[in-house]
Number of protein chains: 2
Amino acid sequence: MPHAHTHSLEDNLSAAAQWCAKRGEKLTEQRREVLALLLSAPGSVKAYDLLAAIQKQKPTAAPPTVYRALDFLVAAGLAHKLESKNAFVACCDFEHPHHGVMLICNQCHTVKELTDPVLEARLAEDAKAWGFSVAPQDIEVKGLCANCRHGDGEAQA
Amino acid sequence: MPHAHTHSLEDNLSAAAQWCAKRGEKLTEQRREVLALLLSAPGSVKAYDLLAAIQKQKPTAAPPTVYRALDFLVAAGLAHKLESKNAFVACCDFEHPHHGVMLICNQCHTVKELTDPVLEARLAEDAKAWGFSVAPQDIEVKGLCANCRHGDGEAQA
DNA sequence: GGCGCTGATGTTATAACGTATCAAACATCT
DNA sequence: AGATGTTTGATACGTTATAACATCAGCGCC
């Protein structure tokens, strides 16, 4: 059975740092801080909320501060951008780069990542019928997560 | 074989007006104008580009003018919002309300709508395995359309 | 023929999201 | 030390979207 992602925040951050190092890049302090915020959040987080959090420790931080960190994290596979919500979420399994399906809860904003090769193949096939070639990307799907469906889904982030 | 959507702009607009009437709503002049712009564009269009076009005839138009029209058109099924691009596109077949797959060309910005019940079923099934219930929505998929793949895809809109 | 209701529009202002630009700091290599 | 490349700081700006409130047009009604 797969490991249960019980890593502590620190474990995740050092694994991320190693992952960057392997790619010849650095998880600098700012990037680390943004990633820590994403990992700590229960769901997705908006860029300006990250900015506000960072400004508590570093009042001079400006939008480019956080957008640069986010761009880096997304490029490194450490985070995903949810285009349909203008929000960001830590990647649950950056060691295995993937594009898949993001199940986004409309109520609590949590995100479940999954991959389904059958689904992807079907999509590519449908597209091919129109001569369209699909680029690698995440598919964003909105709905209600199990918790929120059962009525105990208090709004979180 | 299916009809080839060779309708003229006027045909489309009057069909849309009837569609609205059937729903107890009105395709007012502003809404009609925005829809006409969407129908005439080769691909998706940004809200502020629509605004600029409208301002040529009516210089007092402001952002709410166009956003209100767009909200109406989307709610009525006459247009789709492409969330991943912050752009809008006319619906190709509003008489048959649907949510499906939008194949968005990264180069020429054209959009091909399609539906695939098998794909949707598979997606719903995947989600269900996690207790997640999928809401009706369009799936946005980016890539390259047939034209642009073959090198004759000059940038359009 | 005026009254009140409703939906649509006008108008101003502002919120929310994101980028360009250029300079300064820092690291790394030789 | 000096050259080079990357990261950060800081200001300003561009883009996308909505809040809030006033006004207007149509329509049923008495």
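The figures here come from the full heavy-atom set of this structure, side chains too, leaving out hydrogens, waters and symmetry mates. Per chain, numbering begins at 1; letters A, B, ... match sequence-line order. Since we're looking at a predicted model, the values are computed, not measured.
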* Can you tell me the distance, in whole Å, between the CG atom of B:L51 and the P atom of C:dT11? => 13 Å

* Where the side chain of A:K46 meets the backbone of A:K85, is there a donor-acceptor pair that is under 3.5 Å apart? -> yes

* Compare all side-chain heavy atoms of B:W19 with those of B:E95 and state whether any distance is below 4.5 angstrom. => yes

* Hey, is the main chain of B:M102 close enough, under 3.5 Å, to the side chain of B:E140 for a donor-acceptor pair? -> no

* Structure fact -> Taken to the nearest whole Å, OH/B:Y67 to P/D:dA20 is 18 Å

* DNA chain D contacts among residues 77-87 of chain A, heavy-atom distance under 4.0 Å -> none

* Asked: Do the non-hydrogen side-chain atoms of B:V89 and B:V45 ever get within less than 4.5 Å of each other?
  -> no

* Asked: Does A:E25 have any side-chain hydrogen bond (donor to acceptor under 3.5 Å, both in side chains) partners at least two apart in sequence or in another chain, and if so, which?
  -> A:R23

* Asked: Just how far, in rounded Å, is P of D:dT16 from CG of B:L50?
  -> 11 Å

* To do: Can you check each nucleotide of nucleotides 7-15 of chain D against protein heavy atoms at under 4.0 Å and return B for base, S for sugar-phosphate only, - for none, in 5' to 3' order?
  => SBBBB----

* To do: Could you list the residues that satisfy ring pair (Phe, Tyr, Trp, His ring centres under 6.0 Å) with A:H99, not counting sequence neighbours?
  => none

* To do: Evaluate side chain to side chain contact (heavy atoms under 4.5 Å, CB included) for B:R31 paired with B:C20, printing each intermediate quantity in order.
  => CA-CA 11 Å; B:R31 293 164 182 174; B:C20 291; over 6 Å; no

* Structure fact -> Residues passing the side-chain hydrogen bond (donor to acceptor under 3.5 Å, both in side chains) test with A:R122, sequence neighbours excluded, are B:D116

* To do: Using five pairs at either end of the helix from C:dG1-D:dC30 to C:dT30-D:dA1, determine the angle between the two local helix axes and round it to 10 degrees.
  => 10°

* To do: Can you tell me the distance, in whole Å, between the CG atom of B:L70 and the C1' atom of C:dT9?
  => 15 Å

* **Check: A:H109 side chain, A:C105 main-chain N or O, donor-acceptor pair, under 3.5 Å** => no

* Asked: Are any of the side-chain heavy atoms of A:L37 and A:I54 separated by less than 4.5 Å?
  -> yes

